[in-house]
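Contents: one structure, followed by commentary.
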2 protein chains.
Amino acid sequence: MTNARDVLFRTLADPTRRAIFERLCRQGEQTVGALTAQAGISQPAVSKHLGLLRQAGLVRDRHEGRQTHYSAQLGALAPLMDWTSEMAGFWEARFDQLEDLLKRMDQ
Amino acid sequence: MTNARDVLFRTLADPTRRAIFERLCRQGEQTVGALTAQAGISQPAVSKHLGLLRQAGLVRDRHEGRQTHYSAQLGALAPLMDWTSEMAGFWEARFDQLEDLLKRMDQ
DNA sequence: TCAATCAATAGCCATTTGGTTATTGATTTT
DNA sequence: AAAATCAATAACCAAATGGCTATTGATTGA
């Protein structure tokens, strides 16, 4: 019942987690250590957030020795954009209906 | 510290609440009773969701006798679109940097 | 006027969530 | 080989969240 869109919205809802994702978008690939250094929370907390971001498809990880590098997967934002324009579309459709109605009333 | 964007993401995170907003987008203005009839939760629960949606600027209410009509405020989605394209922008900027680097290496 | 209806609020409860510290497994470094 | 470092996992906890029932206030209908 809980689809990909639900997961996406829920994952992006937390400000700390979104900040981590934003940083990966702005600055590209980062290690867990680098992300922890500026997140203001503990390393395990950061790892947990990264795990959720990965489950949502928003980041991917790359292991290199004992470090793990994470990077943003921008494509994962597509459902978000789709949803937004879908909502905008409904709104416009209703606006057009109203316009038609007014046009008919005018005649 | 908790800005409008935070509120927006947090408000849209819950599937039930988002479904209510979607319905208002698709079908236009609805009363609390109409929304409750298909939400699968109690009237007070629906009212609570509507209260949060209103706080986020996603809906507005209109009182008419003892009924309250709610409608979607599409403009409130702008920060969401802005954020998404901002993220996409960062990604592209880094892509360009990479492209430049490769071009320089090629010479 | 009295009963019925509509929506908001109050008060409560179970679950989820985001954080912590402690530990473990794996890889480097000395 | 032993010590140090990095990131994931485990176990726990407090706070936030989303739901419920009961109630209230306001409006409408009989």
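Just the heavy atoms: all of them, side chains too, but no hydrogens, waters or symmetry mates, feed the values below. Naming: A, B, ... by sequence-line order, numbering from 1 per chain.
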field: Those residues of residues 52-61 of chain B lying under 4.0 Å from DNA chain D by at least one heavy atom
entry: none
message: Rounded to the nearest 0.5 Å, what separates atom CG in B:Leu58 from atom CE in A:Met87?
response: 11.5 Å
- prompt: Expressed in angstrom and rounded to an integer, what is the separation of B:Gln30 atom CD from C:dC6 atom C1'?
  reply: 16 Å
task: Please determine if a side-chain N or O atom of A:Tyr70 lies less than 4.0 Å away from the OP1 or OP2 oxygen of D:dC6.
output: no
Charged N-O contact under 4.0 Å between A:Asp82 and A:Arg5: no
task: Return the value, rounded to whole Å, for the distance between atom NE2 of B:His69 and atom P of D:dT27.
output: 14 Å
field: Length of the CD-P vector between A:Glu29 and D:dA7, whole Å
entry: 12 Å
query: Using a cut-off of 4.0 Å between protein heavy atoms and nucleotide atoms, how would you tag nucleotides 19-30 of chain C 5' to 3' with B, S and -?
result: BBBB----BB--
Derivation and outcome, side-chain contact (heavy atoms from CB on, under 4.5 Å), residues B:Glu22 and A:Phe90: CA-CA 9 Å; B:Glu22 283 188 27; A:Phe90 291 137; over 6 Å; no
- request: Measure from CZ on A:Arg18 to C1' on C:dG18 and round the result to the nearest Å.
  value: 15 Å
- request: Locate the shortest heavy-atom distance separating A:Ala56 from A:Ala76; write the atom from each residue and the value.
  value: O-CB, 4.3 Å
field: Minimum heavy-atom distance B:Leu74-B:Cys25, with the two atoms named
entry: CD1-SG, 4.2 Å
- prompt: Distance check: side-chain N/O of A:Thr36 vs OP1/OP2 of D:dA7, anything under 4.0 Å?
  reply: no
task: Name all residues meeting the side chain to side chain contact (heavy atoms under 4.5 Å, CB included) criterion together with A:Arg10; count only those two or more places apart in sequence or in a different chain, and write none if there are none.
output: A:Thr2, A:Val7
query: About how many Å separate CG of A:Leu12 and CG of A:Leu53, when rounded to the nearest 0.5 Å?
result: 7.5 Å
message: If hydrophobic clusters are built from ILVMFWY residues whose side chains come within less than 4.5 Å, do B:Leu52 and B:Phe9 share one?
response: no
- request: Return the value, rounded to whole Å, for the distance between atom CG of B:Leu35 and atom P of C:dA8.
  value: 10 Å
query: Rounded to whole angstrom units, what separation is found between the CD1 atom of B:Ile20 and the P atom of D:dG18?
result: 11 Å
task: Under the side-chain contact (heavy atoms from CB on, under 4.5 Å) rule, what do B:Glu86 and A:Arg26 come out as? Steps first, then yes or no, please.
output: CA-CA 9 Å; B:Glu86 199 183 352; A:Arg26 287 172 195 269; 3.8 Å; yes
query: Could you give the CG-to-C1' distance, from A:Leu50 to D:dT9, as a whole number of Å?
result: 14 Å
query: When the distance from NE2 of A:His63 to C1' of D:dA7 is rounded to whole Å, what number comes out?
result: 9 Å
